[in-house]
Amino acid sequence: MLVHNRDALPNAPCELLFTEFELEPHQECAYDHIVVYDGHTTNQQIMGRFCGSKLPHPLIATENSMLLVFKSGASVQRKVDIIFISSVF
């Protein structure tokens with residue numbers, strides 16, 4: 001599991017763009033997946049849980065941080081490219 005926390009400029013919302021997305025597909029994203037939280041911790045609102053090959057929509061945080069939790073097993077190798085924009089305004 002990989003946990004990554006991103007901060008934008010103070011008092012500026014941040015945006016997350018997926019430019020390529022291909023993870024192991026599963027109806028409930030039980031295996032390889034990314035969970036994005038609207039803030040610094042897993043206690044924050046979940047903005048999305050993503051798997052499969054459908055490109056997720058852009059995500060805009062309500063404040064200046066997002067937490068990305070990426071879970072992957074070793075059985076299938078896929079690819080994800082993410083762009084983090086530190087301020088959307």
Side-chain angles (χ1 to χ4, degrees):
M1 180 178 354
L2 173 67
V3 177
H4 191 68
N5 209 338
R6 293 301 312 219
D7 289 325
L9 300 170
N11 300 318
C14 51
E15 183 175 10
L16 192 66
L17 301 173
F18 294 87
T19 58
E20 187 169 349
F21 196 86
E22 185 181 343
L23 294 178
E24 187 174 357
H26 186 267
Q27 185 175 356
E28 297 165 5
C29 295
Y31 304 112
D32 296 2
H33 63 268
I34 293 178
V35 181
V36 181
Y37 295 88
D38 190 5
H40 284 289
T41 70
T42 56
N43 294 327
Q44 304 300 126
Q45 176 79 26
I46 294 177
M47 298 176 73
R49 180 181 181 111
F50 307 102
C51 65
S53 59
K54 183 179 178 198
L55 194 66
H57 58 280
L59 300 172
I60 299 176
T62 58
E63 296 184 11
N64 71 330
S65 66
M66 289 183 184
L67 175 68
L68 283 69
V69 177
F70 177 58
K71 181 183 175 206
S72 177
S75 63
V76 178
Q77 294 182 2
R78 304 289 175 106
K79 187 174 185 180
V80 175
D81 288 328
I82 300 171
I83 298 173
F84 177 79
I85 301 174
S86 65
S87 180
V88 293
F89 302 109

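If you're wondering where the values come from, they're calculated on a predicted model, not measured in any experiment.
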Original post:
For the atom pair SG (C51) and CZ (F21), what is the distance rounded to the nearest 0.5 Å?
Top reply: 7.0 Å

**OP:** Take M66 and L59 through the side chain to side chain contact (heavy atoms under 4.5 Å, CB included) test and state the conclusion after the steps.
**Re:** CA-CA 10 Å; M66 289 183 184; L59 300 172; 4.3 Å; yes

**OP:** Would you check if F18 and K54 make a side-chain contact, meaning some heavy-atom pair closer than 4.5 Å?
**Re:** no

Original post:
Minimum heavy-atom separation for I60 to E15, with atom names?
Top reply: CG1-CG, 3.9 Å

**OP:** Could you list the residues that satisfy ring-ring contact (aromatic ring centres under 6.0 Å, His included) with Y37, not counting sequence neighbours?
**Re:** none

Original post:
To the nearest 0.5 Å, what is the distance between OH (Y31) and CD (E24)?
Top reply: 7.5 Å

**OP:** Report the distance from atom CG of L67 to atom NE2 of H40, rounding to the nearest 0.5 Å.
**Re:** 9.5 Å

Original post:
Roughly how far, to the nearest 0.5 Å, is CE of M47 from CG of D38?
Top reply: 5.0 Å

Subject >> Criterion side chain to side chain donor-acceptor pair (under 3.5 Å) against H33, the qualifying member of K71, E28, R49 >> reply: R49

Subject >> Euclidean distance, S72 OG relative to L23 CG, rounded to 0.5 Å >> reply: 7.0 Å

Original post:
Who pairs with T42 by side-chain hydrogen bond (donor to acceptor under 3.5 Å, both in side chains), at least two apart in sequence or on another chain?
Top reply: none

**OP:** Please assess N64 against C14 for the test side chain to side chain contact (heavy atoms under 4.5 Å, CB included), listing each intermediate value before the final yes or no.
**Re:** CA-CA 6 Å; N64 71 330; C14 51; 5.6 Å; no

